[in-house]
Number of protein chains: 2
Amino acid sequence: MVQESSSVTPVPMLKYDLDIVIPTIRDLDFLETWRPFFEQYHLIIIQDGDPWKTINVPEGFDYEIYNRNDIIRILGAKASCISFEDSACRCFGFLVSKKKYIYTIDDDCFVAKDPSGKEINAVEQHIKNLTSPSTPRYFNTLYDPYRDGADFTRGNNFGMQESDPTRENPFTMREGAKTVVSHGLWLNVPDYDAPILVIYRYVDAVMTIPKGTLFSMCGMNLAFDRELIGPAMYFGLMGNGQPITGCDDMWAGWCMKVICDHMGWGVKTGLPYVDHKKSGHPFENLKKKFNGIFWQEEALPFFQSVTLPKECTSVKQCYLELAKLVKEKLGKVDPYFIKLAAGMVTWTEAWEELNPLN
Amino acid sequence: MVQESSSVTPVPMLKYDLDIVIPTIRDLDFLETWRPFFEQYHLIIIQDGDPWKTINVPEGFDYEIYNRNDIIRILGAKASCISFEDSACRCFGFLVSKKKYIYTIDDDCFVAKDPSGKEINAVEQHIKNLTSPSTPRYFNTLYDPYRDGADFTRGNNFGMQESDPTRENPFTMREGAKTVVSHGLWLNVPDYDAPILVIYRYVDAVMTIPKGTLFSMCGMNLAFDRELIGPAMYFGLMGNGQPITGCDDMWAGWCMKVICDHMGWGVKTGLPYVDHKKSGHPFENLKKKFNGIFWQEEALPFFQSVTLPKECTSVKQCYLELAKLVKEKLGKVDPYFIKLAAGMVTWTEAWEELNPLN
């Protein structure tokens, strides 16, 4: 069932063309801490697990909830591409949104504070990241040159448009690339494979992940340009009925990065932080991710060496080509990848059905 | 003339197998601020400009000074590869050192403070960077996993040796690569092409610059493993008698990075910071670097596409191959590059003469 709330409390903040996607199995009390930053946006809640359970959402939020029954009703046979009992189910929210931007956040992530004690508006920083250029073709040692305070007077004698305050980037590199993904970080409890205690630091930086370099994307505090990169933001087949769980975002990140590199687009990482208060016991998480650890060793070399043909000029074309290559190359390693490749194709079909225009 | 000081004040700090190389044209009063951190090391001072001028060095430092006459006396005809009236002359110090590590610093760089107000021991941080692995084959969004406090209990169940505290790096990537260059940053006044006001932030991070990605190396706060990468740390032909000045470190950085990528070694950037108090007027610097701005546009595409043959298994072989390619490819663009390529060959000969063993 789709629940719609009726009232939105107006707040004096900028509102962007953005939906917030939250995968969950429980009441969303965590939204209370986000009220000043989220209340003006529409929430798309993907209810994982028992579809008969009622998920309580604090008063005053504008939201819709999709449970497993809704997903099957909307997608029919294509619902097979949406994972169950894994946060990979979040990507269903990307399919049904009609907004330009998506911010997806886990229900164990809370508002973090910057070193001055000020609460961090994660949406605002993600939008800043997404609406300013990236520098994927050159490594900027002084971090994001497009950031406030790191910028400079425009229109000087050198014909620079979007320019760099230092000689960091050679001049022809300064225009930068379109940013399509903003990967936010987290404080306190890391999202880990193994039970390891770590001290985390607030690092006041936004970086572009260079072209040709892969990273481990984390889905818990992630924003992207749905119009541009949406069709590549499929979180794979994980959880119930699958040999793997908890590697959904890493998989999506590798697929997405290879496609961004091909399209000439940029991916940023760094600010904003959220406070991650992981609910599960580390050992339980370890057990759940165990298969994924070995699986990475097979998949990563594939992504490090894959190249997409020039003929692929749209994200959808790239994604289908990638699905074909996953089947061909990784299918030999484990039949799971043949199933996953089929899921990628089904996802693309579902995207086309629900988003005929982009 | 080579001046040697006789007394070294012992200080209760670790001493590494490191020389400090300083290019200068003036008295080295700036060393006073560095006394607690530099006094236990040998300084190699490269006196640029008028060789008859006396450079005063504060009491208590262990140093030797080489002026232009010394360079010509020591290198003979090969002195042609050492620039004059440009900080590129610093690389003569790398030639004559016999230490494992080099730290080179400009005479307008002072001790910076971290956000807690503590003076930063730049040497100590550079050594930390150089003696811990890099991760050039994967982008670590949580910054340097080998840093204190970001590490974890070794020898756990997963057979990891040098490991990552998170699932950031897939397990086979966790061993990391040998770090050979540590590129420190600066606060306050940037080293820029153009007269632009910039606010700089202290960013508490050390990053590996990914394989295949170039950056603009700055020579003012730079450390490296001389034994391994020394032969590639040639700062080119700049300044007096050359059409270009002030691009020495950028050139060296591109050559060095291409070779490190080929050798499988890592380059880090970030901490430590120094306070850069630039003495010249920005407009003067602009004028001096003007030719360099356009020159970059020719050289960068060359470095972005160059690949070294597998047969090159030593830094010296790589460097000579690179010199050959510079002559072939960039020589067509401007005859300056033919001269520069010859300088690269002469540098290698000088290195072999003064460092027959490495």
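Values reported hereafter were calculated over all heavy atoms of this structure, with side chains retained and with hydrogens, waters and symmetry mates removed. Note on naming: letters A, B, ... go to the chains in the order of the sequence lines (proteins, then strands), and numbering restarts at 1 for each one.
- Contact annotation for B/Leu185: only side-chain heavy atoms (C-beta onward) come within less than 4.5 Å of a heavy atom of chain A.
- Between atom CG of residue A/Leu214 and atom CZ of residue B/Phe139 there is a gap of 12.0 Å, rounded to the nearest 0.5 Å.
- Taking OG1 of A/Thr213 as the start and CD1 of B/Ile209 as the end, the distance is 11.0 Å to the nearest 0.5 Å.
- Chain A forms the most heavy-atom pairs under 4.5 Å with one residue out of B/Gly212, B/Pro210, B/Gly270, and that residue is B/Pro210.
- Annotation for A/Met207 and B/Met207: closest pair CE-CE, 3.9 Å, computed over non-hydrogen atoms.
- Annotation: the span from A/Phe215 atom CZ to B/Thr135 atom OG1 amounts to 14.0 Å, rounded to 0.5 Å.
- Other residues, nucleotides and ligands contribute over 12 non-hydrogen atoms within 6.0 Å of the NZ atom of B/Lys257.
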